[in-house]
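In listed order, ligands and their atoms are each counted from 1. This chain uses plain numbering: 1 for the first residue, then up along the sequence.
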Amino acid sequence: MWTVEEGIDVLKESGAKITAQRIAVLEQLVGRTDHPSADTLYRELLEKYPTMSVATLYSTVQRLSEAGLLKILSIDDKRVYFDPVTVSHGHFMCRKCGRLIDVPLSREVFHLTADASAIAHIERTEVFMYGVCRDCFDD
Ligand code: ZN
Ligand code: MN
């Protein structure tokens with residue numbers, strides 16, 4: 001897990017100007033495990049920073065993502081979710097309540113078999129699972 005200071009370093013290295021808005025985005029994301037959507041994150045930020053722009057939010061998350069500090073999850077075709085937890089794990093989405101749950105996966109899941117020899121280098125792997133969560137299943 002990265003710190004706000006490390007996030008600032010990444011933004012600086014990527015050539016981004018360090019502004020109060022960008023720092024606010026980092027502070028709002030750091031340490032979270034609840035996968036806020038872009039809409040949710042923007043609404044939270046607006047409460048504290050009424051002048052926050054969507055463009056700043058998107059450029060900041062994009063730069064963090066390119067630096068490997070943030071995953072932009074496209075598990076849902078309606079919206080994207082942000083995950084600052086960069087250690088390998090999969091995600092499960094409940095089709096009834098829409099909950100997004102972290103899924104611990106064994107390393108074997110990420111291992112290539114011999115017939116994948118056409119691939120030279122993998123830069124990003126995402127595992128998305130869909131079904132019904134325990135709470136919805138028990139109802
Ligand atoms: Zn559910
Ligand atoms: Mn996650």
Side-chain angles (χ1 to χ4, degrees):
M1 183 65 78
W2 45 274
T3 63
V4 171
E5 289 68 32
E6 285 164 344
I8 289 173
D9 286 345
V10 160
L11 293 178
K12 273 186 195 156
E13 278 164 28
S14 78
K17 257 196 277 171
I18 305 305
T19 61
Q21 288 198 356
R22 286 218 154 92
I23 293 171
V25 172
L26 293 173
E27 285 172 346
Q28 202 68 27
L29 275 169
V30 72
R32 285 177 79 152
T33 56
D34 62 338
H35 316 101
S37 68
D39 282 355
T40 299
L41 196 63
Y42 186 59
R43 252 184 283 117
E44 292 172 359
L45 284 162
L46 268 189
E47 273 177 36
K48 295 183 195 167
Y49 301 87
T51 58
M52 176 69 63
S53 78
V54 179
T56 295
L57 174 58
Y58 273 96
S59 71
T60 305
V61 296
Q62 198 58 51
R63 285 166 196 260
L64 292 173
S65 160
E66 281 161 16
L69 291 191
L70 186 77
K71 290 208 248 183
I72 300 176
L73 304 174
S74 50
I75 188 168
D76 183 351
D77 55 14
K78 293 179 203 74
R79 56 185 68 82
V80 295
Y81 301 88
F82 302 126
D83 192 347
V85 179
T86 50
V87 56
S88 270
H89 64 283
H91 291 94
F92 173 93
M93 177 163 272
C94 174
R95 66 175 164 76
K96 288 198 168 178
C97 67
R99 232 169 112 201
L100 225 172
I101 301 168
D102 282 337
V103 182
L105 292 171
S106 67
R107 297 180 67 86
E108 289 81 73
V109 174
F110 299 99
H111 256 100
L112 296 182
T113 56
D115 57 13
S117 61
I119 299 166
H121 176 62
I122 295 174
E123 292 167 343
R124 198 171 94 104
T125 303
E126 294 295 348
V127 176
F128 296 148
M129 302 171 191
Y130 303 85
V132 181
C133 79
R134 176 60 64 190
D135 288 349
C136 293
F137 192 75
D138 288 342
D139 282 348

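Taking the N/O/S atoms of Asp83 in turn, the shortest distance to the Mn ion (ligand 2) belongs to OD2. For the Mn ion (ligand 2), the nearest N, O or S atom contributed by Asp102 is named OD1.
Side chain to side chain, Arg63 and Ser14 meet the donor-acceptor criterion of an N or O pair below 3.5 Å.
Expressed to the nearest 10°, the angle at the Zn ion (ligand 1) joining SG in Cys97 with SG in Cys94 is 110°. Atoms NE2 of His35 and NE2 of His89, as seen from the Mn ion (ligand 2), are separated by an angle of 170°, to the nearest 10°.
Using the six-membered ring where Trp is involved, His89 and His35 have ring planes that are tilted, between 30° and 60° apart.
When all heavy atoms are compared, the tightest approach of Ser53 to Gln21 is N-OE1, 3.6 Å.
Between Lys48 and Glu27, no side-chain nitrogen of the basic residue sits less than 4.0 Å from a carboxylate oxygen of the acidic one, so the salt-bridge criterion is not met.
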